[in-house]
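Lettering follows sequence order; numbering is per chain, from 1.
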2 protein chains.
Amino acid sequence: MLLFWRKGYEATAMSDLVEGLGLGRGSIYAAFGDKHQLFVRALARYLDRQNTLLRTAFADEGPALAQLRDVLDRLLAADAACGNAGCFSVNSIAELLPHDEDVARLARQSLAAAEEAFTRQLARAADEGDLSPSLTPEAGARLLLTLVQGLQIVRKVDPDPAHTAATLDSAFTLLAGQPASLTPTA
Amino acid sequence: MLLFWRKGYEATAMSDLVEGLGLGRGSIYAAFGDKHQLFVRALARYLDRQNTLLRTAFADEGPALAQLRDVLDRLLAADAACGNAGCFSVNSIAELLPHDEDVARLARQSLAAAEEAFTRQLARAADEGDLSPSLTPEAGARLLLTLVQGLQIVRKVDPDPAHTAATLDSAFTLLAGQPASLTPTA
DNA sequence: CTAGTTCCGGACCGCTCGTTCCATAACAAG
DNA sequence: CTTGTTATGGAACGAGCGGTCCGGAACTAG
């Protein structure tokens, strides 16, 4: 739901949703129950799509760390495509937690899934010698996950894609341990 | 303003503020204009306090990287003291950007100030040999700033202080380049 | 004490919110 | 075509919103 994404839960009125969905009020209530349930459904859809992206992108073999970087780029690009609204998940967590138990549950599941996917991918990277020895895959995953959430906030203040890319570059350079492995200079 | 902090802008009603401030409606409007101006004033106060904390904490001499870590710990602890409401600044950015120009201006200023303070501190750390050679102070500052914003989101989902501390530990280990420098093992 | 001034806060206003309801459109079965 | 059923969406509702207003308390000066 683009409206909830862009404006947040409280700032989106039922009348906005009626206009945005092209449905009558009665139909919306018949289909979703109430405003909050509609929001939760929309968020669940969004998170599911995100997690599917992660799961499928990591199925292949190949250079694990470069794959990870690529997925993060695509993920950030997808969120950026929706007019600097940031990330629906991050926005919802910031606005509704810790008060909303449904959103909290969804967020816990989604972040745990992402963290696990990152961990598996970083474990592969470690096998390939692309992970800094000072970092366990678990620690690296948590670090990366946290950084991505932070990027979603920082991007709302400074939307320059180059800055986002530069931050990711720095992070992956550190993760790799040896700078040359990701960007083989000549 | 604790109420705006905890519940966000839209979810906080004037009647909440009347009760919370112990003032009558009329007095509030006479003093602040309207709800939005009151919010902006509250946010500005919060940001000012945060930036003051940074500025004063970095005035001293001493081990720059350890100082930085200490400041971040204190900053996160201060936000945690207010019942897992997260960080007022991060919450506001997520809820109101990109629609609210006043909040956008405040956020830009505050983040820029923090980034600059981090940069100066990391430059000092570099002089002391405590910064990874694969990182400029500017890149490290942006990385750290982004990570802290991310921590404020992740903490709302997983409030365990140990996890927050562990994430910071990993980050500083990577920033330092050589793991032994921060935690001199025997 | 009185008169003048300031400031507070509860009653009140118009409006919009989320939600419900129902006349009617649309369609399937006989 | 008629009838029974479902689904639609606009009108209407009570509640609660942000914002205004004014009677009176509190304080100062003479």
Value in whole Å for how far the [atom2] atom of [N] lies from [atom1] of [X]:
X     : N      : atom1 : atom2 : answer
B:L23 : D:dA25 : CG    : P     : 19 Å
B:L21 : C:dG9  : CG    : C1'   : 13 Å
B:E10 : D:dG16 : CD    : P     : 18 Å
B:I28 : D:dG18 : CD1   : P     : 11 Å
B:Y29 : D:dC22 : OH    : P     : 17 Å
A:K35 : C:dT16 : NZ    : C1'   : 12 Å
A:H36 : C:dT19 : NE2   : C1'   : 16 Å
B:M14 : D:dA15 : CE    : P     : 23 Å

Side chain A:K35, main chain A:Y9, donor-acceptor under 3.5 Å: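 Answer holds: yes.
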Looking only at atom types and distance, does a side-chain atom of A:R155 sit under 3.5 Å from a main-chain N or O of A:L76, one as donor and one as acceptor?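 Checking the backbone N and O of A:L76 against the side chain of A:R155, a donor-acceptor pair under 3.5 Å is found.
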On DNA chain C, check which nucleotide each of A:A13 and B:V18 is closest to and give me the residue with the more 5' one.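 On the 5' side of the pair lies B:V18.
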Nearest heavy atom decides the nucleotide; on that basis, is A:G26 or A:Y9 closer to the 5' end of DNA chain C?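 The residue closer to the strand's 5' end, by nearest nucleotide, is A:Y9.
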Which one of A:I93, A:D79, A:L75, A:V148 satisfies the side-chain contact (heavy atoms from CB on, under 4.5 Å) criterion with A:C87?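 Among A:I93, A:D79, A:L75, A:V148, the one that satisfies the side-chain contact (heavy atoms from CB on, under 4.5 Å) with A:C87 is A:D79.
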Intermediate values then yes/no, ring pair (Phe, Tyr, Trp, His ring centres under 6.0 Å), A:F32 and A:F39: CA-CA 9 Å; A:F32 298 103; A:F39 179 85; over 10 Å; no
D:dT8 base to A:R25 side chain: any donor-acceptor pair below 3.5 Å?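 When only heavy-atom distances are counted, A:R25 does not reach the base of D:dT8 through any donor-acceptor pair under 3.5 Å.
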Report yes if a side-chain nitrogen or oxygen of B:S15 is closer than 4.0 Å to either non-bridging phosphate oxygen (OP1 or OP2) of D:dG18; otherwise report no.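 For D:dG18, neither OP1 nor OP2 has a side-chain N or O of B:S15 closer than 4.0 Å.
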Is B:S27 near enough to C:dG9 that one of its side-chain N or O atoms lies under 4.0 angstrom from OP1 or OP2?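 It does, given that an N or O in the side chain of B:S27 lies less than 4.0 Å from OP1 or OP2 of C:dG9.
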